[in-house]
Every structure is written in C-alpha cells, then in structure tokens.
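Notes follow the structure.
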Amino acid sequence: MRDLVDAIRQDVKAYLRLDPATSNVFQLIFFNASFHGLLLYRLSHLFYHWKLYPLAYILYYLKRVLFSMDIHPAAEIEPGVVIDHGIGVVIGATASVRSGTVIYHGVTLGAKRICSGKRHPDIGRNVLIGAGAKILGPIKIGDNAVIGANAVVLRDVPENSLAVGIPARILRRDNSVEPGRQYNDGEIDHRTEGVRQDREEQPLGQRER
C-alpha cells in the first residue's frame, strides 16, 4: 500500500511538470479524468498483484466504462507517467511503460497477432507518444524517443529518435536531447529541420521497404 501511495505522489508530480493544462493539485485530483483512470489502474494493478482478480477486473471494467481507457491490470506502468486526455488509450497485459513518458489520447500499445506470452511493447523513459499512435508487438521504444501522431510502429525505435509514418520510420536521431526540458519555438524548429528535409526529399507515395 505504501508503494501505491508513493506511485500516486509521483504521478501527481509528473502531471504538474508535463501537462501544461494542469495548473494545480486541486484541479488534477478533482477534474482530470485521465488521472482518475490512471488511479483506477494503480488500484486494479495492486489487486491483480495480490491475486484478488475479481476486484482487479471490476476496477478494470469501471475504468473502461467511465473513462474509455482500456489498461489491463497486468500491465506494468512505472510511477511518474502522464496520460493526457486518456480517451481511447489501450495498453495490453504484457506492456510496460517507464517513468516520464507522456501518452496522448487514442494510443494503442497492442499485439500484432494472436499468441501467448510476451506480445506487447516496452516503452522507455521520457518517451512522448502522439495522439492516435499504434505501437504493436513485443518491441522496444528507447528512452527519450518521440512517436509521431497516428504513427504505426512495428519495430524497435532507438533512444533519442523520432518515428513517424505508416509504417513508422526513423527520421532523425538526436543524442543531445535533455530529458524533461521544455524547448522554445526556435529550438524546436532547429531540432526538426532534418525531419522536414527528409520529408521533402522523399517522393510522394514512396513506401518503406
């Protein structure tokens, strides 16, 4: 139970640091539905760990109905993760997400095929996963990576990388990324210059081989 309380405290700190729409603790606790969904996951995961499966699945079901968030109680989500908006987020049973990661609405951490055992992705620390992105299969997303909105990721993404497209491809690696730092508009333009050049050089309709 002490671990649960500590995890919630770290989640609160992460929301205050990484979610610009969250201005204070009162607003977060009483009016942030995605935080409530994450809290229900924490409780259901605890009951699942204690093998109290009926209680775990009751909270799992309530979370799906109330907040449209489908996070399996067996999934491993470290303290200090932010789920922004939350609507449509799906995280499978064998997925893992490490601290500092931000997940936007409509994200799926799912499987590529019907199979037993490990079938969902592992997400590193300080990863940004854009709205609608699909990360499928037992793959690894490295620390500080950025997954573009609506990307479909089917293979490993190295740390400090940007992955976009369907299927996703790596457009640029930047080893100078500072985790948790907020960059101004000029710095963002500079860091994405290589991405724009890659997009301009790629012929329209060209598919990844």
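All values below come from the heavy atoms of this structure, side chains included, with hydrogens, waters and symmetry mates left out.
- Checked against side-chain hydrogen bond (donor to acceptor under 3.5 Å, both in side chains), Asp6 has the following partners two or more places apart in sequence or in another chain: Gln10.
- Chaining together hydrophobic side chains whose heavy atoms lie under 4.5 Å apart places Tyr61 alongside Val65.
- Note: the hydrophobic cluster containing Tyr53 does not contain Leu59 (ILVMFWY, side chain heavy atoms under 4.5 Å, direct or indirect links).
- Although no hydrogens or angles enter the test, the distance criterion places no donor-acceptor pair under 3.5 Å between the side chain of Asn160 and the main chain of Asn144.
- Remark: the backbone N or O of Phe67 is not paired with any side-chain donor or acceptor of His36 at under 3.5 angstrom.
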Could you go through residues 81-97 and list every donor-acceptor pair under 3.5 Å that involves a side-chain atom there, pairing it with any protein atom two or more places apart or in another chain?
| from | atom 1 | to | atom 2 | distance (Å) |
| --- | --- | --- | --- | --- |
| Thr94 | OG1 | Arg119 | N | 3.1 |
| Thr94 | OG1 | His120 | N | 3.1 |
| Thr94 | OG1 | His120 | ND1 | 2.7 |
| Ser96 | OG | Asp122 | OD1 | 2.6 |

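- Applying the salt bridge (charged side-chain N to carboxylate O under 4.0 Å, His left out) test to Arg9 and every residue at least two apart in sequence or in another chain returns nothing.
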Side chain to side chain contact (heavy atoms under 4.5 Å, CB included) for Leu39 and Tyr41? Distances and angles first, verdict last. CA-CA 5 Å; Leu39 179 60; Tyr41 155 77; over 6 Å; no
Name every donor-acceptor pair, under 3.5 Å, that has one atom in a side chain of residues 128-136 and the other anywhere in the protein, sequence neighbours excluded.
| from | atom 1 | to | atom 2 | distance (Å) |
| --- | --- | --- | --- | --- |
| Lys134 | NZ | Gly106 | O | 3.3 |
| Lys134 | NZ | Gly132 | O | 2.7 |

Apply side chain to side chain contact (heavy atoms under 4.5 Å, CB included) to Ile71 and His45, showing your working. CA-CA 10 Å; Ile71 307 175; His45 181 71; over 6 Å; no
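- Closest heavy-atom contact between Leu28 and Asn32: O-CB, 3.2 Å.
- Using a 4.0 Å cut-off between a side-chain N of Lys or Arg and a carboxylate O of Asp or Glu, Asp70 and Lys63 do not qualify as a salt bridge.
- Linking ILVMFWY residues whenever their side-chain heavy atoms come closer than 4.5 Å, directly or via other members, leaves Ile103 and Val152 in distinct clusters.
- The side-chain heavy atoms of His72 and Tyr48, taken from C-beta on, include a pair separated by under 4.5 Å.
- Ile166 and Ile147 are assigned to two separate hydrophobic clusters, defined by single-linkage of ILVMFWY side chains at heavy-atom distances under 4.5 Å.
- Between the side chain of Tyr60 and the backbone N or O of Leu40 there is no donor-acceptor pair closer than 3.5 Å.
- In this structure a side-chain-to-backbone donor-acceptor pair under 3.5 Å is missing from Tyr15 to Gly80.
- Under the 4.5 Å side-chain heavy-atom criterion for Ile, Leu, Val, Met, Phe, Trp and Tyr, Met69 and Ile58 are members of the same hydrophobic cluster.
- Residues satisfying the side chain to side chain contact (heavy atoms under 4.5 Å, CB included) test with Arg125, not counting sequence neighbours, are Glu78, Arg98, Ser99, Asp143.
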List the steps, then state whether side chain to side chain contact (heavy atoms under 4.5 Å, CB included) holds for Val5 with Asp3. CA-CA 5 Å; Val5 173; Asp3 290 340; over 6 Å; no
